[in-house]
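The next block holds one structure in the form of structure tokens; read it before the comments.
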Amino acid sequence: MSGTSASIAVLCGGVGAARFLRGLLEVVDAADVTAIVNTGDDTVLHGLSISPDLDTITYTLAGATDDERGWGLAGETWNAMAALARYAEVRPDGSTAAPTWFNLGDTDLATHFYRTARLAEGATLTAVTAEIAQAWGLGLRMLPVTDDRFRTVVTLGGDGHEAGREVTFQDYFVRLRHGVPVSDVRFEHDGAEPTAAVADALTSADLVVIAPSNPIVSIGPLRALPGIDEALRSRRDSVVAISPIVGGAALKGPADRMLAELGVDPSVAGVAGLYAPVASTLVIDTVDAGHAQAVEAAGMHCVVTPTIMSQPGVGADLARTCLRSAR
Ligand code: FO1
């Protein structure tokens, strides 16, 4: 499929998806790529609408991200956050004003100002995302999975003082530094639906790739929305997933621990068990070659190739492998 004008839809979370898309755009025309992006991580802080996965992908593809941190902008300054600390000191008990646990860089703030103002004018998140992508000079089509309010909610496990409490995803991920066990993850829908553009991309794309993102809290929210799993199932032969688990561990974030805490084997075979109903092929890293048979036993065709995209060229090679792997 490489070198042709086949259209590709990619189901995306944050960092892993951003790096895969960066490789994909080296080998196909950006106009042929649609990124369908998780919005379950979205939050409102300081009255600002923040869409972390959309922003991580935007900044990465624009070559503007802090690659080591994985989120936010390179060369960022933090004056607004430092100034906010003054108000955190005087905030009355029970007030959530001036949260300083979630870091918004001075330049990054402009993105959240713009998104918030446009949403307040009545624009959809889809429209605002297209405008932000255009402002950063991106050629691909970037779609939030839904324009409706949609949130990932995490129940904290373990025996700490917050055990049993339900918190927002960013509370778990940033405030608690994803260092607390999880006993459940659910998605607050309130009737949220995938947009028509998402539904159309999932039907019309020649190939669907599930990016190497956390299966529970990045891809899980997309699959929880009505119609997405059905759309994938009905075209399963042309859906390829990339394992975010390499050698039993997540490259970034808590995916391995979270899988284990929720009773899923934190291995490529466990990932295959989750994706087998909706994807025919699982791409795994060479360090997991010994587990290829277990992936096949879980019902997926297995392709073994380097998947760790920290070295130049790996993302593009991985993208070529995915383009060849559709059955
Ligand atoms: N991640 C952190 O670990 N700490 C932060 O303070 C933080 C701030 C932040 C601000 C804007 C943004 O777009 C992303 C930000 N992230 C931060 C990343 C984000 O929480 C996660 O990467 C995703 O939600 C998980 O995919």
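In each ligand, atom 1 is the first atom listed, and ligand 1 is the first ligand listed. Residue numbers count from 1 along this sequence.
No side-chain donor-acceptor contact under 3.5 Å links T195 and D147. T111 and Y59 form a side-chain donor-acceptor contact under 3.5 Å, judged by distance and modelled atom types alone.
Scanning for ring pair (Phe, Tyr, Trp, His ring centres under 6.0 Å) contacts around F150 gives H189, with sequence neighbours left out.
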Could you give the N/O to N/O pairs under 3.5 Å linking ligand 1 and the protein, each with its distance?
from	atom 1	to	atom 2	distance (Å)
ligand 1	1 (N)	W71	NE1	3.2
ligand 1	6 (O)	N103	N	2.9
ligand 1	6 (O)	N103	ND2	2.8
ligand 1	20 (O)	Q170	OE1	2.7
ligand 1	24 (O)	D41	OD2	2.7
ligand 1	24 (O)	Q170	NE2	2.8
ligand 1	26 (O)	D41	OD2	3.2
ligand 1	26 (O)	D53	OD1	2.9

Sequence neighbours left out, cut at 3.5 Å: what donor-acceptor pairs do the side chains of residues 269-278 make with other protein atoms?
none

Give the C-alpha distance, both sets of side-chain angles, the deciding distance and a yes or no for side-chain contact (heavy atoms from CB on, under 4.5 Å) between H301 and S280. CA-CA 6 Å; H301 171 57; S280 58; 5.7 Å; no
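Sorted by first and then second residue, the pairs that involve residues 165-176 and meet salt bridge (Lys or Arg N to Asp or Glu O under 4.0 Å), not counting sequence neighbours, are E162-R165, E162-R175, E166-R186, D171-R175.
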